[in-house]
A.B. asks: 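Please read through the structure below; I'll follow up with questions.
Below, chain A is the first sequence line, B the second, and so on; all start at residue 1. For the numbers below, each heavy atom of this structure counts, side chains included, while hydrogens, waters and symmetry mates do not.
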Amino acid sequence: MTTSHSGSTRYRERVDSVSKDILRNVRFNQGFILWMGFLTAVLAVCLFAYTIQLRKGLGVTGLRDITSWGMYIANFVFFVATSLVGMLISSVLGLIGFKWVKPIARIAEIIAVAFASIAGLIIISDMGRPDRLPNVFIYGRVQSPILWDVTVVTTYFLVSLMLWFIPMIPDLAIAKTRLNGRPAFLVKAYELLSINWVGHKKQVKTLNEAGRILLILIVPLAFAIHTVTSWLFAVTPRAGWDSSIFGPYFISGAFVSGTSAVIIAMFFYRKSYKLEKYLTDFHFEKIGRVLALVSIVYIYFNINEFLVPGYKLKTLDEIHLKELLAGEYAPLFWGVQLLGLLIPVILLLFKQFRKPLPMVVIASFVLAASWLKRYIIVVPPQAHPFLPVQNVPVEWIVYTPTLIEIAISVAPLVLALMIITILSKLFPVLPIHELAEEETLAVDGHETDLAHIDETAVYNEEKKANNN
Amino acid sequence: MRSILLGIVTFLVIVPDLAGQEWIVPDDKKGKLSTFQFDENTKKSGEKIYSVNCISCHGTPGKGNFLKLVPPPGDPATDKIQLNRDGELFYKVINGRGQMPSFKNALSSDEIWHVISFVRSFNSSYKQLIMPVITSSAYPGAVIKMMLSYNSSDSTIVLEADAVKQNSSVAVTGAEVKLLVHRTFGHLQIDDIKTTDINGKVAFKVPANLPGDTLGNIQVSARFINEDTFGSVSKDTILTAALITLPVSLVAERAMWNNVRKAPVWVILTYSLGLLTALGFIGLVLMKIRDIFIIGESVLKDSEKINIT
């Protein structure tokens, strides 16, 4: 009992210091207001562009009969891809038992929530008649991968939201008494959202069960969202999309873009939230290895994706591959593969590059390349339709996104950044109780049961023991 | 200086092109004529054939909305096409050139004459010349006739060719004949090219699985291979020689392309079970959240009680 008690005091001290570091950022400072103001201004421009599209129709974009999926759909695939990282970090790495993912898991979930929630909106921007959106639900066909996609992306978003929220419940309970000086509504929200958390043994057990169910559930869901997204392409016989490995190809690519997004976020939080103590070089070193690993897996799938059709060279595949590897899209293709995949992997193999600053540079390249990669997956295969193209203007055949289209494509990123900003300004970005527990553990050398540490619970149990 | 150079260049570029545009029809083909009078029926039939086979390139006659190909297809209502003699039109449609497809197998001779009948209806000064007698070098002065009939006992289509001159009639022997059956897209050749026997007869074996219409009818046409010797006789007939085929609507049964009520069962099951499983687990987690809430409530109440006592 004594050890546990001394453990609990130490734990309480740790909670105090950790929550001080982390809750310091839960506030609307000037930086927040400026940043949100900037995002709002950009968003206003994007929305203005969208009103033009709404009034005049999709004709204001570069989309035409031949290339009817352009930047919007590429953007959509990118957003779905990036949101997949929530599953990779919290679930795959977490369930394997890597302790170092603890401070990163919530960051990954924030990215997952933000990107998954916006993905659906992008599809609406690709609709010439968004007022007909309800038809998707009224006349939706279960045979259509589009309906599957709507279903799985929504479900994935819900589960990601829960995976962000549920592990945060103890933090909310810890934080609600430590929010002096913050707006009353925030304190009230913490009070409500911490759903009577007192750290009782049974509560801890139930919370762990709930978390575990979600961590397992999110794995097939994440695979489903990106596999189904890949099927939007792969179920057509078009050269460049007609591939049986599109599912795993997309998923491995998603891990690459998601991991690089997390690295950028970690770097940002570490610097501007002053969390160097918790997001250490060690964490960067570890996640750098993850990025190298997932990139190598992705390279493997790339080889499959291009070598096999390249060997058979069916007529249409040949046209497509020539265009991609040696034709109009060659600079983009090789730029993406070299600067966004091959060179990053080589650099990440060296310890010197698995440091925060070099890694944020590498991750930025990887993330930008991930976006461009989606573009070259979506657009070039449409340039070679099965029927001969005759007697149409050049701009119908060669797709070039218009300024309006680009402006509208920026909106989802702005919205995602807004969501990320709000979530990380309203709620702790790192798991307070887990970090405190971890450090106590490091000092005490044995597991400290949360239930024994919580003030109310300890108090109650002592009372009960006295009564008996 | 520059203009001279330009002149030379244009000359070099344009002259071979112009030469290439001349479409020469052999003299002996120019005089070919239809054996029947063009009338309202042939024009109507021709219009149908035109709108299926020609309109995509040549456009609506009189509108000048033909495709901008090189050399241009031209509008059939204009001189470009109307200045051709009937035989020239027939030759050009049969053989094609460059982007103009050959309709040798796609259309029967009668059908091509029908199209010409339609094309000529845009030319008010056109006077049709008819060739009532099929010229044949093998049977000079005779009219060559073909008869087609179906023999159900051995499922063959029998062709009989006779050369009729005044009141006498002789069998056309040793003539190679081809039999085509009309399909939705173009024509299908039945059996091999065969030669008429001593009685002027030839039998084509009909494949057992050849689909016909709802009555088992098919439209067949026969023609001589060597039109120089036997004349360009052809015969179009409808025969009840094929399987009765009742068309099944493609949306009659459950299919991937059908509406949601006619979706394949496995798709409905996979989708619903997958969704229900996910929602089930989400529901389970929500229950757990509720449990946490309830436990917390009771603990907090307890602690209040203890505090009071």
A.B. asks: Looking only at heavy atoms, which of residues 144-169 of chain A get nearer than 4.5 Å to chain B?
C.D. replies: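 From residues 144-169 of chain A, the residues near chain B are Leu147(A), Trp148(A), Thr151(A), Thr155(A), Val159(A), Met162(A), Ile166(A), Ile169(A).
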A.B. asks: When heavy-atom pairs shorter than 4.5 Å are enumerated against chain A, which of Ile292(B), Leu275(B), Val285(B) gives the highest number?
C.D. replies: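 Most pairs with chain A among the choices: Ile292(B).
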A.B. asks: For Phe281(B), is it the side chain, the backbone, both, or neither that has a heavy atom closer than 4.5 Å to a heavy atom of chain A?
C.D. replies: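 When you check distances to chain A, atoms from both the backbone and side chain of Phe281(B) fall under 4.5 Å.
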A.B. asks: Check whether Gln203(A) reaches the backbone of Gly199(A) with its side chain - one donor and one acceptor, N or O, closer than 3.5 Å.
C.D. replies: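 Such a contact is found between Gln203(A) side chain and Gly199(A) backbone.
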A.B. asks: Give me the contact list for residues 250-261 of chain B versus chain A, heavy atoms only, anything under 4.5 Å, ordered by residue number.
C.D. replies: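 Counting heavy atoms that sit under 4.5 Å from chain A, the residues of residues 250-261 of chain B involved are Ala255(B), Met256(B), Trp257(B), Asn258(B), Asn259(B), Val260(B).
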A.B. asks: Short question: side chain of Arg120(B), backbone of Gln82(B) - any donor-acceptor pair under 3.5 Å?
C.D. replies: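 Side chain of Arg120(B) to backbone of Gln82(B), a donor-acceptor pair under 3.5 Å: yes, one is there.
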A.B. asks: Could you measure the distance from the CG atom of Leu300(B) to the CD1 atom of Ile295(B)? Nearest 0.5 Å is fine.
C.D. replies: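 Reported to 0.5 Å precision, the distance equals 11.5 Å.
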A.B. asks: List for me each residue that meets ring pair (Phe, Tyr, Trp, His ring centres under 6.0 Å) alongside Phe246(A), sequence neighbours excluded, and say none if there are none.
C.D. replies: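 Ring pair (Phe, Tyr, Trp, His ring centres under 6.0 Å) list for Phe246(A), sorted by chain: Tyr249(A), Phe250(A).
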A.B. asks: Chain A: which of Met287(B), Arg290(B), Glu297(B) shares the most heavy-atom pairs with it under 4.5 Å?
C.D. replies: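 Most heavy-atom pairs under 4.5 Å with chain A: Glu297(B).
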A.B. asks: Tell me whether Asp291(B) is salt-bridged to Lys202(A), with the criterion being a basic N under 4.0 Å from an acidic carboxylate O.
C.D. replies: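 Looking at Asp291(B) and Lys202(A), the cut-off is not met.
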A.B. asks: With Lys92(B), which residues qualify under side chain to side chain contact (heavy atoms under 4.5 Å, CB included), at least two apart?
C.D. replies: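 Result, side chain to side chain contact (heavy atoms under 4.5 Å, CB included) vs Lys92(B): Trp23(B), Val25(B), Asn84(B).
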A.B. asks: Run Arg183(B) and Leu210(B) through side chain to side chain contact (heavy atoms under 4.5 Å, CB included) and show every step you take.
C.D. replies: CA-CA 11 Å; Arg183(B) 305 278 77 181; Leu210(B) 184 71; 3.8 Å; yes
A.B. asks: Looking at Ala224(A), is its backbone amide N or carbonyl O close enough to the side chain of Thr227(A) to form a donor-acceptor pair, meaning the two atoms are under 3.5 Å apart?
C.D. replies: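 No; zero donor-acceptor contacts below 3.5 Å.
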A.B. asks: Does the Asn95(B) side chain pair with the main chain of Tyr91(B), one donor and one acceptor, at a distance under 3.5 Å?
C.D. replies: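 Checked: pair present.
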A.B. asks: Within the 4.5 Å heavy-atom criterion, are Ile268(B) and Ser272(B) side-chain neighbours or not?
C.D. replies: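 Yes, side chains in contact.
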A.B. asks: Check the orientation of Trp241(A) and Phe233(A). Use parallel for under 30°, tilted for 30 to 60°, and perpendicular for over 60°.
C.D. replies: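 Perpendicular, since the angle between the ring planes exceeds 60°.
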A.B. asks: Please classify the contact of Ile289(B) with chain A as side chain, backbone, both or neither, using a heavy-atom distance under 4.5 Å.
C.D. replies: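 Both backbone and side chain.
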A.B. asks: Relative to chain B, which segment of Leu207(A) carries a heavy atom at a distance below 4.5 Å: side chain, backbone, both, or neither?
C.D. replies: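 Leu207(A) touches chain B through backbone and side-chain heavy atoms alike.
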A.B. asks: Kindly say whether the aromatic ring centers of Tyr126(B) and Phe122(B) come within a distance under 6.0 Å.
C.D. replies: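 Here the rings of Phe122(B) and Tyr126(B) have centres that are no less than 6.0 Å from each other.
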